[in-house]
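To keep things clear, I will list the structure first and then write my remarks on it.
None of the values given here were measured: they were computed from a predicted structure. Numbers here simply count residues along the sequence, with the first being 1.
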Amino acid sequence: MSVIYEVTLDIDAGRAAEFDGWLQGHVGEMLALPGFLDARILKPEAEAGASNRRVVQYTLAGRAELDRYLAEHAPRMRAAGGERFGTALTASRRVLDLDRTLTPLPALPGSDADAHRCKNCGTPLQGKFCAECGQRSHTYVAPLRQILEDFASHHFGFDSKLLHSLVPLLFRPGFLTSEYCAGREERYVKPFRLYLFSSVLFFFLAAFMWPQLEHGSAGVANVVMGANANLTPAEKEQTRHKLEQSLADIDRQADGPEKQLAHAIVQGQLDSLNAVPKAVTRAAPSAATAKTAAGKPRMTYNAAVSDKGDLDIQLDANDAAKTGAEKGIVDTLSHIKDNEAEFKKQFYRNLPKMMFLFLPLVAILLKILYVRSRRLLVEHFIFTLHLHSLFFVIMLLLMLVLTTAKLLPGLGPLKDHAGSVVGWYVTIYFFLALKFFYRQSWLKTGLKFCLLFISYFIAMGITMAAALVLTAVEI
């Protein structure tokens, strides 16, 4: 139960003004001590011999907090006044137990006596939030705009902190993670909220924007997957012409590593574009190995992917001779082919779920590579959250650019180079984030970046395979 600690102070008339100024700061120091809830300075009516009396009442959380103050802080706080005013100041003290707190009766209709009290618990309000229960000071029936802002702020951290978080997220690699791990977390959106907001918004918009972009030569799907399967013949011819022009321009450049690298990249794109999808055939085994333990011949089947990305499965006439494992695989593939649209839709639904498997894998990889940094696994996980939040924000911006370029043909050059710019930006950002957060030398960071880059795509492959298996089971 709360207690009142009352201090009566008498000061000489000649030093009363100086004392009042000092007392304000002294009470503030008292309130900063643990257990003190509030304080009030009272000036009694003038009495004989007590015209310069001040009474200070402190409210403490309980008797234990008062005993702690008296044992640990009281000698120091009392000495401060004695050193300043000496014999000009006298003090007496007493402790009052707070028996009960009475609340006023409900106000009469039309009265504004309760206008500045919390609607939930009745506590007097001194700001935008109640100090007792945390409820906002506005009425329950708030405007729709306020309700939407409250929802976005509570679930996604969508408030003034978002802008303060997005700017360093985009342009200061590793900064947000360093700030969070240093304990300065209230200035920015929490890492998980930032990741949740950016990923949910990305996958939500991608569901509407990818269908319009996947047939373009620089669509988001092609940027992410590096695929040319969705191009029409006219778009393929146009892309082939551009790549051949790029090769001619590269060949005219001076010899050097940059030329070789650029030539290899463009040539690889051209080879991929010119490649004709062929059936992936599992050849029939030789006569010596064509029999299973039961004496039955193995099954031969062909699986191919068409130019449009459709799955084409062809089975030979010996369908009844499949082994149990082969029959399960072929049945699953046939079911996927028959429900290809649903398979793709369910696969995109499962991707956000599988990211929760992928993020811990990346955090564990960072823990292994930076084991001597003595950082906790959660710190590596926070780094991973910020890194992937950056990726989703960048991909959101890329989708907006591609959509705008599709609507405005004059922005064609921007559309053609946006994917490359994003790829290099994310790669360089990843490297700099490792350098500035873990603070190792450029050489060590470069070596670990290469190892992590390879491991990252291995982990991504595991996650994508798990998503495919999960989708195949679900449909």
Side-chain angles (χ1 to χ4, degrees), residues 127-130 133-138 142-209 348-367 375-400 422 425-426 429-430 432-434 436-438 456 459-460 463 467:
K128 294 181 179 180
F129 299 91
C130 174
C133 68
Q135 178 171 289
R136 279 186 178 271
S137 58
H138 62 60
L144 178 60
R145 178 183 60 83
Q146 184 66 55
I147 294 175
L148 294 176
E149 287 180 358
D150 290 346
F151 176 82
S153 175
H154 179 73
H155 292 282
F156 301 110
F158 188 78
D159 51 20
S160 60
K161 296 180 182 179
L162 184 62
L163 181 61
H164 297 157
S165 302
L166 284 180
V167 173
L169 178 69
L170 288 170
F171 304 110
R172 301 187 65 179
F175 176 78
L176 283 183
T177 311
S178 299
E179 289 286 281
Y180 185 86
C181 294
R184 294 183 286 271
E185 55 183 89
E186 287 302 321
R187 303 177 186 178
Y188 314 100
V189 179
K190 296 293 192 299
F192 189 77
R193 281 191 176 185
L194 184 61
Y195 170 81
L196 185 64
F197 172 74
S198 58
S199 62
V200 168
L201 185 59
F202 169 75
F203 284 111
F204 175 76
L205 292 180
F208 296 97
M209 300 174 73
Y348 288 132
R349 289 175 186 164
N350 286 332
L351 278 179
K353 304 175 188 176
M354 300 311 296
M355 288 301 294
F356 288 99
L357 169 66
F358 178 66
L359 295 177
L361 285 177
V362 178
I364 292 173
L365 290 173
L366 288 168
K367 178 67 174 177
R375 290 186 179 274
L376 300 175
L377 180 61
V378 67
E379 295 180 82
H380 302 293
F381 186 70
I382 297 301
F383 179 87
T384 305
L385 287 174
H386 282 141
L387 180 64
H388 288 84
S389 298
L390 177 276
F391 175 77
F392 286 125
V393 171
I394 289 294
M395 293 305 297
L396 280 169
L397 296 176
L398 177 61
M399 284 196 299
L400 293 176
V422 166
Y425 182 85
V426 172
Y429 184 99
F430 190 8
L432 294 178
L434 290 174
F436 296 143
F437 177 64
Y438 292 101
Y456 184 93
M460 175 67 78
T463 305

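The CG atom of Leu361 sits 11.0 Å away from the CG atom of Leu366 when rounded to the nearest 0.5 Å.
For the pair Tyr429 and Ile394, the minimum side-chain heavy-atom distance is 4.5 Å or more. The side-chain heavy atoms of Lys190 and Tyr180, taken from C-beta on, include a pair separated by under 4.5 Å. Contact check for Leu434 versus Phe383: side-chain heavy atoms found under the 4.5 Å cut-off. With a 4.5 Å cut-off on side-chain heavy atoms, Tyr438 and His380 count as touching. Here the side chains of Phe381 and Leu376 are not in contact, with every heavy-atom distance at 4.5 Å or above.
For Arg172, the salt bridge (Lys or Arg N to Asp or Glu O under 4.0 Å) test picks out no residue, with sequence neighbours left out. The side-chain contact (heavy atoms from CB on, under 4.5 Å) search around Leu201 returns Phe197, Leu205, Leu396, not counting sequence neighbours.
A cation-pi arrangement is present between Arg375 and Phe437, with the terminal nitrogen or guanidinium carbon under 6.0 Å from the aromatic centre and inside a 45° cone about the axis.
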ring-ring contact (aromatic ring centres under 6.0 Å, His included), that's the test. Do Tyr456 and Phe358 meet it? Break it down for me. CA-CA 9 Å; Tyr456 184 93; Phe358 178 66; 5.1 Å; yes
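The two residues Ser389 and Ser198 come nearest to each other via the heavy atoms CA-OG, 3.6 Å. In terms of heavy-atom proximity, Leu377 sits nearest to Ala363 at CD1-O, 3.7 Å.
Screening Ile382, Leu194, Leu390 for a side chain to side chain contact (heavy atoms under 4.5 Å, CB included) involving Leu176 leaves a single residue, Leu194.
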